[in-house]
Q: 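Pasting a structure below so you can have a look.
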Amino acid sequence: MEASLHFRGVRIPSDHSGTSRVAHSPRMRWLSSVASPSRSFHAAVENACKGGGLRAKSDGKRIEAVLGEEEEEKQSHGGDDETAAAAFTCVMKFGGSSLASAERIREIAELIVSFPEETPLVVLSAMGKTTNNLLLAGEKAVSCGVSNASEIEELTFIKQLHLKTAYELGVDPSVISGHLEELEQLLKGIAMMKELTLRTRDYLVSFGECMSTRIVAAYLNKTGVKARQYDAFDMGFITTDDFTNAEILEGTYPSVAKRLNDDWISDPAIPIVTGFLGKGSKSCAVTTLGRGGSDLTATAIGKALGLREVQVWKDVDGVLTCDPSICPNAEPVPYLTFDEAAELAYFGAQVLHPQSMRPARDRRNSC
Ligand SMILES: Nc1ncnc2c1ncn2[C@@H]1O[C@H](COP(=O)(O)OP(=O)(O)O)[C@@H](O)[C@H]1O
Ligand SMILES: N[C@@H](CC(=O)OP(=O)(O)O)C(=O)O
């Protein structure tokens, strides 16, 4: 069977340029019977090959993979995990582009509460290009000398971005100041050692997601929406010790479900979870799931809780004919095969992650 991707962009009238409200719910639906999701589109691909039909589309700002009727029916009965939550209805994932500034964060905060029928869990990436900047800062620290580490340009940028955002949102900067100090110490440590191991790289980049989630959770609480921040590596996300490209281990699912359910029962609050991060099973050190790994965090939580939907929100109307930052007149592409999508990703279209297409193509070829 030929599986394919359809990306459909529907521009929703909006009086601001960022992530806008949409008229109806989106969906990247979660197939709970998938044993081990390797990447975000995996679930939908499984179903496509069973004949359920795959339509992956962006409706407004969301990329969605829509499963066939038969599979939706199965999913409506929840996951196969007995600890499946009754309370949560979907995961909403927001990437760096949707978190790039205080204005964007205000928009996503509004969006999170704009579906009264949903009780969402939120997965966040780092703000804007923070992950890239952390990596650049780490590379510079290796050779800049301890006395210059505090002056690394990317460190200054990261500090300014996060403190400015906290200030503009009216959030107490103490929610991130400890992380910023620790980050500077870490860069000095790298400068002293003159080396950046994969393990240290993962610890270094984890600061991005740790800070974005703290800012957003604090902002939601400030606006009267009860939210609770979680570091994935402290809430049961256990991975292999393959630093920079770790795999989620099976034990993660019951642990994460238990932690989220127990917390919700004792004190309901919207979980705001760091994407991309985990904890190595042997090392107990922070690991990362590969670049773009927040989508995987979102689908893993969907699986853990047996949820029907994982929503991946973008700041664009789907896959466009060109990067809109280069061509402002770029138009949404209505239809893409997996091969075309993978090719786009391979040649650098940031909106898609190459690894999210791989399982799709592999599966199609084996059907
Ligand atoms: N062909 C394209 N279609 C749509 N967006 C594109 C394309 N090429 C590059 N982009 C850029 O990708 C960005 C989304 O990047 P992505 O990494 O998927 O977002 P996120 O940070 O939400 O994970 C958009 O803001 C857009 O500038
Ligand atoms: N921040 C990580 C993880 C991620 O998923 O980011 P994004 O959702 O912005 O692509 C990265 O840049 O790889």
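Start at 1 and go down the list; that is how both ligands and their atoms are numbered.
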Q: Lys93 heavy atoms, cut-off 4.0 Å: which ligand 2 atoms fall inside?
A: 8 (O)

Q: For Leu320, is at least one N or O under 3.5 Å away from an N or O on ligand 1?
A: yes

Q: Relative to the heavy atoms of Glu209, which atoms of ligand 2 are at a distance of less than 4.0 Å?
A: 1 (N), 2 (C), 3 (C)

Q: Can you list the atoms of ligand 1 that are under 4.0 Å from a heavy atom of Gly95?
A: 20 (P), 21 (O), 22 (O), 23 (O)

Q: State whether Asp267 and Lys226 are salt-bridged, where the test is any N-O pair (Lys NZ or Arg NE/NH1/NH2 against Asp/Glu carboxylate O) under 4.0 Å.
A: yes

Q: May I ask you to identify, for Ser125, whether its side chain, its backbone, both or neither come under 4.0 Å of ligand 2 on a heavy-atom basis?
A: side chain

Q: Using a 4.0 Å cut-off to any heavy atom of Gly96, which atoms of ligand 1 qualify?
A: 20 (P), 21 (O)

Q: So, Thr321 and Glu331: side-chain donor and acceptor under 3.5 Å apart, yes or no?
A: no

Q: Keeping the roles fixed (side chain from Glu209, backbone from Ala126), state whether a donor-acceptor pair exists under 3.5 Å.
A: yes

Q: Check the angle between the aromatic planes of His179 and Phe207 and answer parallel, tilted or perpendicular using the 30° and 60° thresholds.
A: perpendicular

Q: Consider ligand 1: state whether an atom of it lies below 4.0 angstrom from any non-hydrogen atom of Met127.
A: no

Q: Check whether any N or O atom of Lys314, backbone or side chain, sits under 3.5 Å from an N or O atom of ligand 1, and answer yes or no.
A: yes

Q: If you measure every N/O of Ser97 against every N/O of ligand 1, is any gap under 3.5 Å?
A: yes

Q: Near Lys93, which atoms of ligand 1 are under 4.0 Å from a heavy atom of that residue?
A: 23 (O)

Q: What do you reckon, does Gly292 put a non-hydrogen atom under 4.0 Å from ligand 2?
A: yes

Q: What atoms in ligand 2 come closer than 4.0 Å to a heavy atom of Arg291?
A: 11 (C), 12 (O), 13 (O)

Q: State if Lys129 counts as touching ligand 2 under the rule of any non-hydrogen atom under 4.0 Å.
A: no

Q: Could an N or O of ligand 1 be found under 3.5 Å from any N or O of Asp323, whether backbone or side chain?
A: yes

Q: Do any heavy atoms of Pro324 fall under 4.0 Å from ligand 1?
A: yes

Q: I'd like to know if Gly293 contacts ligand 2, where contact means a heavy-atom distance under 4.0 Å to any ligand atom.
A: yes

Q: Is Ser97 in polar range of ligand 2, meaning some N or O pair under 3.5 Å apart?
A: no

Q: Can any side-chain N or O of Thr274 pair as donor or acceptor with the backbone N or O of Ala232 at less than 3.5 Å?
A: yes

Q: Applying salt bridge (charged side-chain N to carboxylate O under 4.0 Å, His left out), can you list everything that pairs with Glu168, at least two apart in sequence or on another chain?
A: Lys164

Q: Can a donor-acceptor pair be found, under 3.5 Å and without considering hydrogens, that links the side chain of Arg104 to the backbone of Gly128?
A: no

Q: For the residue pair Ser294 / Thr297, report whether a side-chain donor-acceptor contact shorter than 3.5 Å exists.
A: no

Q: Should Leu180 and Val171 be regarded as members of a common hydrophobic cluster, given that ILVMFWY residues are connected when their side-chain heavy atoms come within less than 4.5 Å of each other, either directly or indirectly?
A: yes

Q: May I ask you to check whether Thr239 and Thr287 show a side-chain donor-acceptor distance below 3.5 Å?
A: yes

Q: By number and element, which atoms of ligand 2 are closer than 4.0 Å to a non-hydrogen atom of Gly95?
A: 8 (O), 9 (O)

Q: My understanding is that only residues two or more places apart in sequence, or in another chain, count here; which of them pass side chain to side chain donor-acceptor pair (under 3.5 Å) with Asp231?
A: Arg214, Gln229

